[in-house]
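Numbers here are sequence positions counted from 1.
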Amino acid sequence: MQSEKVITPPSWLIVLLHFSSLFGIFQLFSFMGYGVTFVDFFLSILYLIIFKQFFFDNRKFLIMDRTVLLPIILLLFAVVFSGIGLLFWAGRESYIQFLKTISHFTFVALYGIVAISIEINYKTVFKILKIFLYSSIIINLYAIYQLIARIYFLPLAYLDITNISFQTRDFDREVGEYTQVVLNFENFYRATSIFSEPSALAWFNIYCLVIILIPLLTRNKLFIQKRWLLYSTLSLAVIGLFLTFSLTGMLLLFFLIFSIIVFERIKMLKMLIVTFAVILIVATTDLIQMNFTNVSIAELFYSRISGLVSDTNRGNKMTVGESAPDRIQSIQNAINLFLDFPVTGIGSGNTYYYPKSTKRFTQSSFFHLLAETGIIGASAFLFLAFYFIRIIFYLNKYRYKFIETMPELATLQSFAIYLTLIVFFSNILIGSAVGNYGFWLEIGLILIIYRQTIKYLEQSNQASQGNNINFSAQ
């Protein structure tokens, strides 16, 4: 099948779709209690273009690997099938919430199916990640500004959240108004930048560190060619991550470093140099910000961790606002809900409405699905995770094949490996994003890179076979 006959959306639309994910706290308008964002807008345009090209332009879908659709379809089935659980306990409000949830889930999860089925060039993905890095400079500079602005009550110290979907997380109760969630420790206010909460900024900076570090530590093409600008971006990402005072961010950072050591088999000296550079940036940042806040973030981290792991009888107290116990309690709550409806779950989107539930939501995608979609949904998610592990090994096998002819693709193959690891590690253990567009945009990027790898490998093999035939004929 000729590539021109395959459904091919404009590259600018894919770039805008992913770039707009940075502005999730803002809405275009609200609909039935849901804040319609820029991502929803661009995703809708994408689906309309696909519809138009398929039905009116006679273009086709070309699914490079049909088996990847199985876990996504099974997950969609589990979300819908969970509605049976509602028959045993739910009222009108719960049914409405269920319908809203499956509509939104289908809308965002469809991007995963689209990504493996249509033509999106790898250079478009490369451009997206480059834009993310350049954007991170402004985002992290703003985070640093917030540190000072929140002490001296300067303009734009906080951003108002216009997306009403965040109301379900009690943002208005947490800080007294509908704005960013920020816990302060004396004069130190955790950084949020343009995101809703510190952990979201931490995740963004981990994402940027993957984009920067993987090409640096391997033989791949860099996203930013000017070294001074690249190292400045790296430094700002580390500073932004540190200022979030996020244990989730620190855990993801350690997991990333561990994964790099295991996968790349990098010499310990090289990793020690990187680690020393990170520690130096963190220590310098801590000393500078202490001039404004009189609070050491490093000491706060020590107190926070010691409060979690030490016996309270020894005099250690847990840090105010510590999220780890709440995360554990939300998982325990999810297990209790699962035991009530182990097959169907209580019904998608209904953790808050179920009478026995003690939490608004579950802070783990796996346990969230276990509670709301039962064993079917949880198994589908694990199936999806295991399938993406298979993709990791596939990309790892061929990621240096195109390093000379298509260096951008080679870089993206390495990037996709670590993005996959971090996405599923975080969503199984410490975060719940499977029902949000963020998760499926990341899944989409991985599948685009996977699809492009299959496509160019097939072309390479066909070209090799053609050369062999011509040589034999001579």
Side-chain angles (χ1 to χ4, degrees), residues 22 132-133 135-151 157-158 180-214 216-217 229-260 271-308 319-324 418 422 426 430-431:
L22 299 178
F132 267 48
L133 283 189
S135 300
S136 73
I137 297 173
I138 300 173
I139 289 171
N140 284 311
L141 284 174
Y142 178 50
I144 296 170
Y145 165 78
Q146 282 181 322
L147 183 72
I148 303 170
R150 288 169 178 172
I151 297 173
Y158 298 91
Q180 294 166 307
V181 169
V182 182
L183 287 174
N184 67 294
F185 302 87
E186 297 181 21
N187 282 332
F188 169 64
Y189 294 78
R190 298 175 65 184
T192 53
S193 190
I194 64 171
F195 300 99
S196 59
E197 53 187 332
S199 60
L201 175 59
W203 167 257
F204 171 74
N205 279 312
I206 290 293
Y207 196 90
C208 290
L209 287 176
V210 174
I211 301 173
I212 296 170
L213 288 177
I214 301 310
L216 266 178
L217 296 172
L229 183 56
L230 182 70
Y231 292 138
S232 298
T233 307
L234 172 61
S235 299
L236 284 171
V238 172
I239 292 169
L241 175 62
F242 182 61
L243 293 179
T244 62
F245 185 45
S246 170
L247 280 186
T248 297
M250 291 297 106
L251 180 61
L252 288 174
L253 178 61
F254 290 137
F255 178 73
L256 173 61
I257 293 173
F258 173 77
S259 300
I260 291 173
M271 284 307 302
L272 284 174
I273 293 173
V274 174
T275 304
F276 176 76
V278 170
I279 293 173
L280 183 62
I281 294 170
V282 166
T284 304
T285 302
D286 201 28
L287 287 173
I288 294 174
Q289 69 85 32
M290 280 180 65
N291 292 327
F292 298 96
T293 66
N294 295 318
V295 177
S296 170
I297 304 176
E299 290 181 4
L300 286 177
F301 266 113
Y302 175 78
S303 299
R304 186 174 182 182
I305 295 171
S306 63
L308 284 172
T319 302
V320 176
E322 178 57 59
S323 59
Y418 292 95
I422 288 176
S426 61
I430 54 178

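- A perpendicular orientation is assigned to the rings of F245 and F188, their planes being inclined by more than 60° (bins at 30° and 60°).
- Note: I239 CD1 to I281 CD1 = 6.5 Å, rounded to the nearest 0.5 Å.
- Annotation for A157 and R150: closest pair O-NE, 2.7 Å, computed over non-hydrogen atoms.
- Across every non-hydrogen atom of A202 and G249, the tightest pair is CB-CA, 4.0 Å.
- Remark: S296 engages D286 in a side-chain hydrogen bond (donor to acceptor under 3.5 Å, both in side chains) (not counting sequence neighbours).
- Two residues are said to be in side-chain contact when any heavy atoms from C-beta on lie closer than 4.5 Å; S136 and L236 fail this criterion.
- No donor-acceptor distance shorter than 3.5 angstrom exists from the side chain of Q289 to the backbone of I148, with no hydrogens or angles considered.
- Residues in residues 198-211 take part in these side chain to side chain donor-acceptor pair (under 3.5 Å) pairs, two or more places apart or across chains: N140-N205, W203-E442.
- Inter-residue side-chain proximity for I194 and I138 is flagged as unmet; no heavy-atom pair is nearer than 4.5 Å.
- When all heavy atoms of V295 and M290 are compared, the closest pair comes out as O-CG, 3.2 Å.
- Contact annotation: the side chain of I257 never approaches that of V278 to less than 4.5 Å [non-hydrogen atoms, C-beta and beyond].
- With values rounded to the nearest 0.5 angstrom, T248 atom OG1 is found 12.5 Å from L253 atom CG.
- Annotation for F132 and C208: closest pair O-SG, 4.3 Å, computed over non-hydrogen atoms.
- Across every non-hydrogen atom of L241 and T244, the tightest pair is O-OG1, 2.5 Å.
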